Amino acid sequence: MSKTSSPSLKNQLLVSMPQLTNPSFHQTVSLICQHDDNGAIGVIVNRLTDHCLGDIFEQLSLPVSSLEHAEQPVFQGGPVNPELGLVIHADRESGDPWESSMEIGGGLWLTSSRDILGAIAHGQGPANAIMILGYAGWGPGQLEFEIRQNSWFNAPADHSIIFDTRIDHKWHQAAKLLGIDYSRLSTEVGHA
C-alpha cells in the first residue's frame, strides 16, 4: 500500500498537455506502472523505435516459429535505460510462466524477463502485448508537481488505447477519455 499523501497514479494513463515541449515527452501517453513516496515509473505507449520484434528476437538469438509478431513495432518507453526490454501485457493467466512480472492493475502486467519474448516468438505469448525499450522515471513528488504545473493530466488505463489504437491517434484518444479536445484547450498555465 502506498504511503504517499496524494492518490497513487498506478494503472493510470499520463497524457502530456500540448504545452509540454520537452522532446522526451511531447505529445506522449504513458502508462504509470508504479507510484509511491519514492516517485513514479511509467512507460510511453505511443512512441516508436526503429526496431520491430523480429530485430529483438534476432539480437537475443531467440528461435522464431511464428512470424505473426515479428513485424510488430517496438516502442520507446522513455529516456531511462533505453536498452532495457519490457513487455506490457494484459490478463496474465494463472498458467503463464513469465518470470519477473509486476502487476500494474486492471489486468495489466509489466514483465522484464526473456521468457515472455521466447513465448511470443513461438506464437504462445499473451494476445495483447507490446514490447518497450526503456522507461520514464520521476523522483519523489516530481510527478505531482508537474501535474500541478499543467504538464500532464491522468485518466484510467484503457486497454484499447494501449493495445489497439493506432499510434498516431493514442494522444488524442487518451485526451478524449476525459472529454478533452486539444484543439479547444488553452495553453496558459495556472489554476482558478
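This structure is a prediction, so every number in the text was calculated from the model and none was measured. The basis for the numbers below is simple: all heavy atoms, side chains too, and nothing from hydrogens, waters or symmetry mates.
- Nearest heavy-atom pair, P73 versus I167, reported as atom, atom and distance to 0.1 Å: CG-CD1, 4.4 Å.
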Checklist entry - Do R114 and L60 pass the side-chain contact (heavy atoms from CB on, under 4.5 Å) test, and can you show the C-alpha distance, the side-chain angles, and the key distance before you say yes or no? => result CA-CA 9 Å; R114 178 185 167 118; L60 296 174; 3.8 Å; yes
Side-chain polar contacts of residues 40-47 - donor-acceptor pairs under 3.5 angstrom, sequence neighbours left out - could you list them?
unit_1: N46; atom_1: OD1; unit_2: V29; atom_2: N; d: 2.8
unit_1: N46; atom_1: ND2; unit_2: Q27; atom_2: O; d: 2.9
unit_1: R47; atom_1: NH1; unit_2: P23; atom_2: O; d: 3.1
unit_1: R47; atom_1: NH1; unit_2: S24; atom_2: O; d: 2.9
unit_1: R47; atom_1: NH2; unit_2: H26; atom_2: O; d: 2.7

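- Here the CG atom belonging to N154 is positioned 11.5 Å from the CG atom belonging to N11, to the nearest 0.5 angstrom.
- Residues L143 and L14 are in side-chain contact: their nearest non-hydrogen atoms beyond the backbone lie under 4.5 Å apart.
- Put simply, M17 and F145 are part of two different groups of oily side chains (I, L, V, M, F, W, Y) that touch within less than 4.5 Å, one to the next.
- At a threshold of 4.5 Å between non-hydrogen side-chain atoms, the residues L86 and F75 do not count as touching.
- Under the side-chain contact (heavy atoms from CB on, under 4.5 Å) criterion, A129 pairs with V87, H89, I120, P126, sequence neighbours left out.
- Here the closest non-hydrogen pair linking W109 and S101 is CE3-CB, 4.0 Å.
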Next on the checklist: For S100 and I116: C-alpha separation, side-chain torsions, deciding distance, then whether side-chain contact (heavy atoms from CB on, under 4.5 Å) applies.
Outcome noted: CA-CA 10 Å; S100 302; I116 194 169; over 6 Å; no
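- The heavy-atom pair separating I32 from L9 by the smallest distance is CB-O, 3.3 Å.
- Taken to the nearest 0.5 Å, the CD1 atom of I161 stands 10.0 Å off from the NZ atom of K176.
- Contact annotation: the side chain of Q72 approaches that of I130 to within less than 4.5 Å [non-hydrogen atoms, C-beta and beyond].
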Item to check | Full working for side-chain contact (heavy atoms from CB on, under 4.5 Å) between K10 and D36 | outcome: CA-CA 9 Å; K10 185 177 177 181; D36 56 27; over 6 Å; no
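- In this structure, a donor-acceptor pair under 3.5 Å is absent between the side chains of S113 and W98.
- Counting non-hydrogen atoms of other residues, nucleotides and ligands closer than 6.0 Å to CD of E58 gives a total of 12 or fewer.
- The CD1 atom of I162 lies 10.5 Å from the OG atom of S30; values are rounded to the nearest 0.5 Å.
- Across all their heavy atoms, L13 and A157 have their closest contact at CG-CA, 3.8 Å.
- To the nearest 0.5 Å, atoms CE (M131) and CG (L133) are separated by 5.0 Å.
- Heavy-atom minimum distance, I88 versus C33: CD1-SG, 4.2 Å.
- Note that CH2 of W171 is 15.0 Å distant from OG1 of T165, once rounded to the nearest 0.5 Å.
- Without hydrogens or angle criteria, S8 side chain to H35 main chain gives a donor-acceptor distance under 3.5 Å.
- Of all non-hydrogen atoms in G77 and I132, the two that sit nearest each other are CA-CG2, 3.1 Å.
- Counted within 6.0 Å of CG on D168, heavy atoms from surrounding residues, nucleotides or ligands total more than 12; the atom is thus considered enclosed.
- Proximity of a side-chain donor or acceptor of T49 to a complementary backbone N or O of V74 within less than 3.5 Å is detected.
- Atom-to-atom distance recorded for I180:CD1 and H172:NE2 is 12.0 Å, nearest 0.5 angstrom.
- Using a distance-only test at 3.5 Å, with no hydrogens or angles considered, no donor-acceptor pair links the side chain of W138 to the main chain of E144.
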